[in-house]
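Proteins get letters first, then strands, A, B, ... in listed order; numbering begins at 1 in each.
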2 protein chains.
Amino acid sequence: MGSRQPLSRSRILDAAVSFADEHGVDALTMRKVADALDFRVMSLYNHVANKQEMLSGMLDVVVGEIDPPATEGSWKDVMQASAAAAHAVLSRHKWAAGEWSKRPPGPHRLRYIESILRILTEAELGPEVVYRGYHAVTMHIVGFTLQEIGYEETLGDNLEEMASAFLEEMGADYPYMAEHVRGHLGDHDHGDEFAFVLGLILDGLDRSTCKTRG
Amino acid sequence: MGSRQPLSRSRILDAAVSFADEHGVDALTMRKVADALDFRVMSLYNHVANKQEMLSGMLDVVVGEIDPPATEGSWKDVMQASAAAAHAVLSRHKWAAGEWSKRPPGPHRLRYIESILRILTEAELGPEVVYRGYHAVTMHIVGFTLQEIGYEETLGDNLEEMASAFLEEMGADYPYMAEHVRGHLGDHDHGDEFAFVLGLILDGLDRSTCKTRG
DNA sequence: ACCTGAACACCGTTCAAGT
DNA sequence: ACCTGAACACCGTTCAAGT
């Protein structure tokens with residue numbers, strides 16, 4: 001808590017990330033971050049420009065936790081593993097996916113983007129498929145995680161309770177949704193959906209390259 | 001502006017949506033919404049519970065603008081058209097995609113979800129593919145739009161300028177990104193990326209059904 | 001160079017008072 | 001039933017003063 005080492009940008013970002021992990025990004029306040037570090041608010045402004053810039057820095061700290069992709073293996077396996085690593089990190093910092101598209105990329109994210117593009121380029125998919133594939137893959141990583149977290153948070157802790165309440169109240173009006181909710185509840189194993197959908201995209205990219213080639 | 005009809009939940013939501021469209025959701029304030037309607041702040045609380053609930057209502061207003069899917073045609077065509085309609089609406093209200101995963105679904109969104117599930121169910125893909133397909137499709141609609149808007153907003157109005165500045169400064173350090181940025185800048189037509197990636201997903205779902213069917 | 005007290009212009013929300 | 005003045009506990013940020 002109140003460790004009285006001198007303040008620094010890095011210590012501020014770390015404290016802010018921890019706070020957001022624990023209390024959510026909506027509760028994040030310059031004053032709360034300063035409190036956690038046992039300094040007064042205004043001191044923060046000696047090391048970060050303002051709250052927006054601090055949030056950009058926080059996201060880049062998180063992106064820095066994503067392991068760089070493997071240097072060998074089939075491109076699809078490498079891509080799947082790298083996406084899984086990103087997914088794990090974004091699941092650990094539940095506020096981060098929501099910030100992803102709002103913040104300009106910092107140094108860690110630039111390197112991350114570069115690594116994704118490298119995988120796709122070295123797969124020799126052709127420039128057009130690389131271009132579109134990059135957007136498709138990053139969209140999936142961030143979008144899927146965001147959706148997953150959204151489910152958890154809006155349904156709250158008592159997931160089962162909420163779901164069965166929905167089934168009783170509105171199940172008759174929304175038959176297809178009722179069926180879907182039953183799918184969420186049931187003990188049926190849906191496997192790794194994140195990897196499954198990414199697989200569809202990667203296979204599709206592969207196939208559309210073949211079409212272009214031949 | 002200051003039309004002095006009596007206040008109502010619906011008028012408040014409409015005014016708030018207009019304000020967010022014009023100035024962004026970060027600038028949205030209870031006081032500003034009240035000002036736009038020529039009432040005082042506190043009056044809003046007679047019609048909406050609080051700011052969070054107002055935002056949920058605003059998102060549901062936006063979802064209500066999405067045309068319901070066609071009742072005939074191949075399931076992929078229907079899905080593509082419905083997704084395009086949603087994409088158009090979310091592009092018109094640039095703040096909405098970012099709220100999507102944060103807000104509990106309102107009545108319009110429940111009907112929207114139901115319509116997506118109906119399309120997939122009637123396509124006879126099998127329960128497992130319907131379950132995963134629903135997540136994949138909604139993820140794509142919201143995630144892709146979010147990413148598109150993020151590009152626009154972080155790059156700002158002077159897109160070309162920013163991009164060529166990046167190319168000169170960091171092009172050497174990030175060769176793959178440099179190539180990608182050139183793709184964004186060039187006059188090469190990339191076609192409808194939104195539809196293209198959704199196509200990969202829909203074809204993949206179709207194919208994985210065939211596999212399951214055996 | 002870095003920390004901070006005081007201050008400013010704003011927030012969301014409540015509550016009692018009006019009509 | 002709906003509107004509102006006053007107030008409360010908070011914000012982000014600036015600036016001049018301290019060391």
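Applying the ring-ring contact (aromatic ring centres under 6.0 Å, His included) definition to pairs two or more places apart or across chains, those involving residues 75-97 of chain B are B:H87-B:F194.
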Note to self: Before you tell me yes or no, could you show the steps for A:H184 and B:H135 under ring pair (Phe, Tyr, Trp, His ring centres under 6.0 Å), namely the whole-Å CA-CA distance, both residues' side-chain angles and the distance that decides it to 0.1 Å?
What the structure shows: CA-CA 11 Å; A:H184 272 277; B:H135 293 150; 5.1 Å; yes
Note to self: Please determine whether salt bridge (charged side-chain N to carboxylate O under 4.0 Å, His left out) holds for the pair A:R9 and A:E53, giving the CA-CA distance in whole Å, both sets of side-chain angles, and the decisive distance to 0.1 Å.
What the structure shows: CA-CA 11 Å; A:R9 175 178 171 84; A:E53 195 264 342; 2.8 Å; yes
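Within residues 98-105 of chain B, no residue places a heavy atom under 4.0 Å from DNA chain D. Contacts between residues 44-53 of chain A and DNA chain C, counted as heavy-atom distances below 4.0 Å, involve A:N46, A:H47.
A:S43 comes within 4.0 angstrom of a nucleotide base, judged by non-hydrogen atoms across all strands.
The minimum heavy-atom distance linking A:L146 with B:S101 is given by the pair CG-OG, 3.4 Å. Contact detail for A:R118 and A:P69: the closest heavy-atom pair is NH2-CG, 4.0 Å. Nearest heavy atom pair, residue B:L120 against residue B:G133, reads CD1-C, 3.7 Å.
With B:R11 contributing its side chain and B:Q5 its backbone, the two residues share a donor-acceptor pair below 3.5 Å.
Using a 4.5 Å cut-off on side-chain heavy atoms (C-beta onward), A:V62 and A:R92 make no contact.
For DNA chain C, the outermost nucleotides in 5' to 3' order that have an atom under 4.0 Å from a heavy atom of chain B are C:dC11 to C:dT14.
Atoms CG and OG, from B:D67 and B:S82 in turn, are 9.0 Å apart once rounded to the nearest 0.5 Å. In this structure, A:R109 CZ and A:T138 OG1 are separated by 9.0 Å, a value rounded to the nearest 0.5 Å. A distance of 14.0 Å separates NE2 in B:H140 from CZ in A:F144, rounded to the nearest 0.5 Å.
With A:K94 as reference, A:E152 is the one residue of A:E152, A:E153, A:E22 to meet the salt bridge (Lys or Arg N to Asp or Glu O under 4.0 Å) rule.
Between A:M42 and A:A27, the one whose closest nucleotide on DNA chain D sits nearer the 5' end is A:A27.
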Item checked: Under the 3.5 Å Watson-Crick or G-U criterion, the dot-bracket string of DNA chain D, with | for inter-strand pairs -> ||.|||||...|||||.||
Ignoring hydrogens and angles, write down the donor-acceptor pairs under 3.5 Å from the side chains of residues 110-117 of chain B, residues two or more places apart or on other chains.
{"residue": "B:E114", "atom": "OE1", "partner": "A:M177", "partner atom": "N", "Å": "2.9"}
{"residue": "B:E114", "atom": "OE2", "partner": "A:Y176", "partner atom": "N", "Å": "2.9"}
{"residue": "B:S115", "atom": "OG", "partner": "B:Y112", "partner atom": "O", "Å": "2.7"}

